[in-house]
There are 2 protein chains.
Amino acid sequence: MRKDSRLSRMLHVLIHMNQLDAPATSEKIASMLNTNPVVVRRTMAGLRDKGYVSSVKGHGGGWSLAISLSDITLLDIHNAIGESSVFTIGLSDEHTSCPIEIAVNQAISDVLIEAEALLLERFRDVTLDMLAVGFADYPLNQQASSGE
Amino acid sequence: MRKDSRLSRMLHVLIHMNQLDAPATSEKIASMLNTNPVVVRRTMAGLRDKGYVSSVKGHGGGWSLAISLSDITLLDIHNAIGESSVFTIGLSDEHTSCPIEIAVNQAISDVLIEAEALLLERFRDVTLDMLAVGFADYPLNQQASSGE
DNA sequence: CATTAAATAACATCATAAGTTACATGAAAT
DNA sequence: ATTTCATGTAACTTATGATGTTATTTAATG
């Protein structure tokens with residue numbers, strides 16, 4: 001099933017942006033991601049709406065970080081992207097009044113909710129500056145961050 | 001992103017099959033799921049390969065449970081279906097040697113692995129007979145079975 | 001031999017992230 | 001003011017994989 005790589009891509013870009021002096025144009029970011037400027041604008045727009053980045057039109061314009069990497073968590077970006085669900089697993093809805101279908105869906109749903117809660121909790125524990133730290137340690141990529 | 005409802009559907013079917021005396025034809029199962037006999041055969045084939053159901057051709061043929069519901073877990077069926085990944089979240093691979101991309105992907109991957117481990121663990125704790133119990137408790141079916 | 005039902009191949013449909021094209025809007029440089 | 005640069009946005013195409021469909025073959029029963 002096709003994967004949604006927006007989270008990974010946006011995190012990647014944000015950390016790179018932190019090391020730049022000037023705003024990064026959509027064109028520049030797109031070439032960084034081997035993609036298209038419009039795709040970049042589309043996804044970055046969600047981050048701007050939440051206040052993580054800002055955009056400026058015209059000469060010298062482009063995208064900049066609006067707040068510090070240490071104030072942005074994986075969860076923040078995950079939410080800003082607005083993914084409908086993190087799971088490929090869905091529930092059937094052929095017979096919503098069939099007690100078996102209800103029991104089955106309830107059992108699956110319980111597990112998905114618990115697993116997603118754990119995932120979101122872990123995402124909330126990681127700020128983007130932690131990932132930038134790994135950069136300094138490259139190529140050994142030693143575990144200097146406090147994450148588990 | 002489109003959901004994969006095969007797990008829910010197969011669990012639903014297996015529990016219904018447990019209440020039948022004769023083999024269920026793909027046709028019958030398909031109408032139960034509002035779908036097509038070929039779709040049923042395609043998915044059931046995976047369960048048969050793992051020994052959870054058996055299929056018989058010709059007159060009086062169809063699909064039957066090969067083992068007890070109490071010996072089948074959600075995890076068993078999940079594995080038998082052979083989903084590639086439970087997550088819609090994917091990792092970028094534009095620059096596999098970029099230390100930032102590596103750090104980002106590692107962080108995401110760590111979380112996904114932990115969340116999936118929890119999910120699989122929970123799936124392993126639920127056997128199909130547990131879901132069938134809910135059936136007896138359902139108001140519309142109280143005449144079906146009173147003991148529990 | 002006729003009928004039933006699975007097995008299989010080949011193809012169509014659908015949803016959605018991603019990619020693309022085209023044009024409008026706004027800001028800075030000249 | 002005009003040109004240039006870059007975002008904003010609409011509309012469309014592409015790619016992918018579960019799902020759906022049609023047609024044919026294989027096997028078992030009556």
Side-chain angles (χ1 to χ4, degrees), chain A residues 1-10 12-13 17 20 22-49 53-64 66 78 81-94, chain B residues 1-10 13 17 20 22-49 53-64 66 78 80-94:
Chain A
M1 180 165 289
R2 166 158 266 217
K3 296 305 194 69
D4 180 349
S5 61
R6 286 178 294 171
L7 176 62
S8 176
R9 283 177 147 186
M10 286 302 103
H12 186 187
V13 163
M17 280 169 57
L20 302 175
T25 66
S26 300
E27 190 91 37
K28 185 173 180 178
I29 294 171
S31 71
M32 187 188 303
L33 296 177
N34 291 336
T35 182
N36 189 289
V38 178
V39 173
V40 172
R41 290 188 194 112
R42 185 186 295 155
T43 313
M44 295 287 283
L47 308 195
R48 181 195 53 216
D49 294 346
V53 298
S54 59
S55 60
V56 174
K57 288 183 175 179
H59 272 281
W63 299 87
S64 308
H78 170 73
I81 287 170
E83 288 175 292
S84 51
S85 167
V86 299
F87 296 109
T88 58
I89 297 176
L91 305 180
S92 61
D93 59 352
E94 289 89 21
Chain B
M1 179 165 288
R2 167 158 266 217
K3 294 307 193 69
D4 180 349
S5 60
R6 287 178 293 170
L7 176 61
S8 176
R9 282 177 149 185
M10 286 301 102
V13 164
M17 280 169 58
L20 302 175
T25 65
S26 300
E27 190 90 37
K28 186 172 180 178
I29 295 171
S31 71
M32 187 188 303
L33 296 178
N34 291 335
T35 182
N36 190 289
V38 180
V39 173
V40 172
R41 291 187 191 111
R42 187 185 294 156
T43 314
M44 294 286 284
L47 308 194
R48 182 194 53 215
D49 294 346
V53 299
S54 59
S55 60
V56 173
K57 288 183 176 181
H59 272 281
W63 299 87
S64 307
H78 170 73
I81 287 171
E83 288 175 292
S84 50
S85 167
V86 298
F87 296 109
T88 58
I89 297 175
L91 305 181
S92 61
D93 59 353
E94 288 90 19

Enquirer: Any chance you could list the contact pattern along nucleotides 2-9 of chain C? Use B for base contacts, S for sugar-phosphate-only contacts and - for none, protein heavy atoms under 4.0 Å, 5' to 3'.
Expert: -BBSBBBB

Enquirer: Using whole Å, what does the distance between atom C1' of nucleotide D:dG8 and atom CG of A:Asn36 come to?
Expert: 14 Å

Enquirer: Going by the rule side chain to side chain donor-acceptor pair (under 3.5 Å), which residues pair with B:Arg42 if we only count those two or more places apart in sequence or in a different chain?
Expert: none

Enquirer: How many whole angstroms separate atom CG of A:Asn34 from atom P of C:dA17?
Expert: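 Taking CG of A:Asn34 and P of C:dA17, I get 21 Å after rounding.
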
Enquirer: Contact between A:Met44 and A:Val53 at the side-chain level, heavy atoms closer than 4.5 Å - yes or no?
Expert: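 Touching, per the 4.5 Å side-chain cut-off.
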
Enquirer: With sequence neighbours left out, what residues match A:Ser54 under side-chain contact (heavy atoms from CB on, under 4.5 Å)?
Expert: A:Ser64

Enquirer: Show every donor-acceptor pair shorter than 3.5 Å between a side-chain atom in residues 28-38 of chain A and any protein atom, with sequence neighbours excluded, or say none if there are none.
Expert:
from    : atom 1 : to      : atom 2 : distance (Å)
A:Ser31 : OG     : A:Lys28 : O      : 2.9
A:Asn36 : OD1    : A:Val38 : N      : 2.9

Enquirer: Roughly, in whole Å, what's the span from CG in A:Asp4 to P in D:dA15?
Expert: 19 Å

Enquirer: To the nearest Å, give me how far apart CE (A:Met44) and P (D:dA6) are.
Expert: 15 Å

Enquirer: Given atom NZ of A:Lys28 and atom C1' of D:dT7, what is their separation to the nearest angstrom?
Expert: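 It is 16 Å, rounded to the nearest whole Å.
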
Enquirer: Rounding to a whole Å, what distance do you find between B:Arg6:CZ and D:dG20:C1'?
Expert: 14 Å

Enquirer: Any side-chain N or O of A:Thr35 under 4.0 Å from OP1/OP2 of C:dA18?
Expert: no

Enquirer: Do the side chains of B:Met10 and B:Leu47 get nearer than 4.5 Å, heavy atoms only?
Expert: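 B:Leu47 reaches B:Met10 side chain to side chain.
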
Enquirer: Once you round it to whole Å, what is the distance between P of D:dT19 and CG of B:Leu33?
Expert: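 It is 11 Å, rounded to the nearest whole Å.
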
Enquirer: Examine C:dA17: is either OP1 or OP2 under 4.0 Å from a nitrogen or oxygen in the side chain of A:Ser5? Give yes or no.
Expert: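 Indeed not, no polar side-chain atom of A:Ser5 lies that close.
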
Enquirer: Under the rule for side chain to side chain donor-acceptor pair (under 3.5 Å), what residues qualify as partners of A:Ser26, not counting sequence neighbours?
Expert: A:Arg41, A:Trp63

Enquirer: Just how far, in rounded Å, is C1' of C:dA17 from CE of A:Met10?
Expert: 13 Å

